[in-house]
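What follows is a single structure, written as structure tokens, with notes after it.
Being a predicted model, the structure only gives us computed values, none of them experimental.
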There are 2 protein chains.
Amino acid sequence: MSDPLPRIEPDRLVHEPARLAILVILSAVEEADFLFLLEQTGMTKGNLSSHTARLEAARYIEIEKTIVGKTTRTVYRLTDAGAHALALYRDHMTGVLELLTSRAGSPSNPPTER
Amino acid sequence: MSDPLPRIEPDRLVHEPARLAILVILSAVEEADFLFLLEQTGMTKGNLSSHTARLEAARYIEIEKTIVGKTTRTVYRLTDAGAHALALYRDHMTGVLELLTSRAGSPSNPPTER
DNA sequence: CAGACCGGTTTGCGTCGCAAACCTATTGTA
DNA sequence: TACAATAGGTTTGCGACGCAAACCGGTCTG
């Protein structure tokens with residue numbers, strides 16, 4: 001009884017829902033542009049911009065601005081470090097959620113009483 | 001292609017690691033006192049106090065102060081609402097993490113569309 | 001040339017998470 | 001009895017964060 005209980009300390013850079021959304025998308029498509037991320041995530045431009053900036057600062061993604069025709073195109077790509085951080089995050093959170101996956105009023109489970 | 005992609009919008013009250021830790025513990029033991037939570041989570045007293053206060057305000061846990069001998073004992077217990085929120089959170093995050101569970105690390109992918 | 005739009009970035013602000021400081025009651029201990 | 005330390009929490013102060021509005025340089029249209 002009273003196990004050590006695994007510390008819940010996810011990478012907060014990844015844990016933030018907005019950034020997690022970005023990372024999930026990038027892990028699926030590997031290379032997306034601003035507008036694509038914008039519509040997929042549903043966030044505002046400012047929001048998206050600042051979050052991508054933070055992810056880039058952490059080297060989790062790379063941002064590449066190319067010139068296409070008359071205008072620019074900004075593409076975002078997951079780095080190896082980002083993929084690694086994401087994998088770590090997944091493992092960590094999976095472990096945490098598994099502590100829950102047989103109790104706590106699941107849809108197919110009788111809820112706990114008081 | 002370009003599926004709607006499930007919105008990543010976890011209950012932020014639950015999503016915060018410190019509170020998630022508290023909820024996970026309470027879902028496992030149902031009824032824990034302050035000191036127990038303190039040592040299991042490893043957080044400071046102030047921190048624990050404010051987070052439990054927020055969880056109580058949301059009716060996710062209930063706080064009961066009893067008098068034991070000369071001093072008081074504060075016990076924390078998950079409410080039905082808390083268990084429900086936790087189950088929802090688990091399902092939500094499980095879904096999100098599943099988007100990841102076969103990739104995130106391999107540099108071999110289809111390019112973007114738009 | 002004016003204005004609308006596109007693709008982003010910067011600014012401002014309310015909220016949050018954190019630990020230090022504080023508080024009240026109890027327990028040594030001289 | 002006094003007085004210091006400890007236990008069990010709560011409140012305070014502050015830095016960091018997430019958010020959307022405002023802004024900005026370039027294009028395209030009329």
How many angstroms lie between CG in Leu37(B) and CG in Leu26(B), if you round to the nearest 0.5 Å? 5.5 Å
To the nearest Å, give me how far apart CZ (Phe36(B)) and C1' (dG8(D)) are. 17 Å
Counting distance only, does the side-chain N/O of His92(B) pair as donor-acceptor with the main-chain N or O of Glu9(B) below 3.5 Å? yes
Nucleotide-resolved protein contact map, nucleotides 16-25 of chain C, B/S/- at heavy-atom distance under 4.0 Å: SSSBB-----
Any side-chain donor paired with an acceptor under 3.5 Å for Tyr60(A) and Asp80(A)? no
Ile67(A) CD1 to dT27(D) P: how many Å, rounded? 9 Å
Contact class for Leu35(B) vs. all strands (heavy atom < 4.0 Å): base, sugar-phosphate, or nothing? sugar-phosphate
Give a yes or no answer on whether the side chain of Thr79(A) reaches the backbone of Arg59(A) with a donor-acceptor pair at less than 3.5 Å. yes
Separation of dT27(D) P from Arg73(A) CZ (nearest whole Å): 17 Å
Looking at Arg73(B) and Glu64(B), would you say the former's side chain and the latter's main chain have a donor-acceptor pair under 3.5 Å? no
Atom pair distance, as rounded to whole Å: CG in Leu55(A) and P in dC17(D): 13 Å
Leu38(B) CG - dA7(D) P separation (whole Å): 12 Å
Using only side-chain N and O atoms of Ser49(B), determine if any of them is under 4.0 Å from OP1 or OP2 of dG9(D). no
What integer distance in Å separates Asp33(A):CG from dC6(C):P? 14 Å
Tell me: CG of Leu48(B) to P of dT11(D), nearest whole Å? 14 Å
Compare every heavy atom of Arg12(A) with every heavy atom of Arg19(A), then report the nearest pair and how far apart it is. NH2-O, 3.2 Å
